[in-house]
Student: 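Questions regarding the structure given below will be posed in turn.
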2 protein chains.
Amino acid sequence: MTKDDHQDAVAREPDPRTADNRAEAFHGVRVARRNELAEDYVELIAELIHTQGEARPVDIATKMGVTAPTVAKTLGRLARDGLITRAKYRSVFLTDEGRALAKECRHRHEIVLRFLLSLGLDSETAERDAEGIEHHVSERTLALFAAFANRS
Amino acid sequence: MTKDDHQDAVAREPDPRTADNRAEAFHGVRVARRNELAEDYVELIAELIHTQGEARPVDIATKMGVTAPTVAKTLGRLARDGLITRAKYRSVFLTDEGRALAKECRHRHEIVLRFLLSLGLDSETAERDAEGIEHHVSERTLALFAAFANRS
DNA sequence: GCATAAAGTTAGTCTAGGCTAACAATCTGC
DNA sequence: GCAGATTGTTAGCCTAGACTAACTTTATGC
Ligand SMILES: [Mn+2]
Ligand SMILES: [Mn+2]
Ligand SMILES: [Mn+2]
Ligand SMILES: [Mn+2]
């Protein structure tokens, strides 16, 4: 269908499903990107509840570095998606599902961070990179990161 | 200003600029995310020009796993941003700036990929994860990845 | 307990990035 | 050289995620 198909007749070693894999990889990244924000939010909300006793929109806004209306709209989506519950003018609570996701995210975040630190990265850069990388590591990669961090 | 300020009076060990760093980290991730798509496109366009002789929208669409109109719109943005040039119904060319970005992206992609492979990851998963991670590694992290991959 | 400050909401705007449907141009094979 | 297939464009729709402006509610301090 695409040019590759007949090009492969000439190809030496590349396997015939390379194009598919590319599209799949990009698709996987797009999916991951769709969940990034939700992951960061529930992770932060869990942390705020733990450290401050409650998760207030104003604190979420400060830590996320966005404005209050942006937080409000995002919380609306999280509620719609069953990750949090909220009442008007009150602070935010995680549902069971939200709590489970938060736990998983914190776990991932910590492994990625520990891994970067164990590679020798300074903590500020490690924190910044971990915040982005954490959403793009598969289970398999995470396991390798954890193993490496542990035996360092 | 936020609750943290006076909370810090009670705090044990966390340093006082933690909140700022968090917001900065999230901001950095948001910025990185804005460039992800452009980076993947120019990298792919460069690759298509190299392997096929030209970069046709239909091939970009296939490899990216999106529809032709999506590609058309994205190419419009890339042209607007000075990364490519194009004429109606013709294939796409990189500007100097686009070529430079493509080169840099390919470089980053390769280092991340080699790094993941050298950690012991299978190549399919490595390719998928690299496609996402590459946009979130700082120069510093990249250098550590490269060093690790080389001495493995 | 009330005035004011702080926090939260709502409405409206914008861009990116995805899609489908419909149409236009180009390429290909005969 | 033209019919049909392929490719590309355009228009229009949608959601996410950002913002400002304006308003309402809640919390605070005196
Ligand atoms: Mn993150
Ligand atoms: Mn995180
Ligand atoms: Mn990528
Ligand atoms: Mn890439």
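Everything numeric in this text was worked out from a predicted model, so none of it was measured.
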Student: Which part of the nucleic acid does B:R77 contact within heavy-atom distance under 4.0 Å: base, sugar-phosphate only, or nothing?
Tutor: base

Student: Under 4.5 Å between any side-chain heavy atoms of A:R140 and B:E124, yes or no?
Tutor: no

Student: Between B:F26 and A:Y41 (judged by ring centroids, cut-off 6.0 Å), do the two rings come close enough to count as a pair?
Tutor: no

Student: Are A:R90 and C:dT9 close enough that a side-chain N or O sits under 4.0 Å from OP1 or OP2?
Tutor: no

Student: Under 4.0 Å: is that the gap between some side-chain N or O of A:T67 and OP1 or OP2 of D:dC19?
Tutor: yes

Student: Of the candidate nucleotides C:dC19, C:dG18, D:dA18, which contains the atom at the shortest distance from the side chain of B:L37?
Tutor: C:dG18

Student: Using heavy atoms to find the nearest nucleotide of DNA chain D for A:Y41 and B:Y89 separately, return the residue whose nucleotide is more 5′.
Tutor: B:Y89

Student: Counting distance only, does the side-chain N/O of B:S152 pair as donor-acceptor with the main-chain N or O of B:F148 below 3.5 Å?
Tutor: yes

Student: Name the nucleic acid region contacted by B:R80, choosing base, sugar-phosphate or nothing; use a 4.0 angstrom heavy-atom cut-off, strictly under.
Tutor: sugar-phosphate

Student: Can you check whether any acceptor in the base of C:dG8 is under 3.5 Å from a donor in the side chain of A:K88, or vice versa?
Tutor: no

Student: Taking the nucleotide of DNA chain D with the closest heavy atom to each, which residue, A:T74 or B:K73, is nearer the 5' end?
Tutor: B:K73

Student: Is the count of non-hydrogen atoms from other residues, nucleotides or ligands lying under 6.0 Å from B:R106 atom CZ greater than 12?
Tutor: no

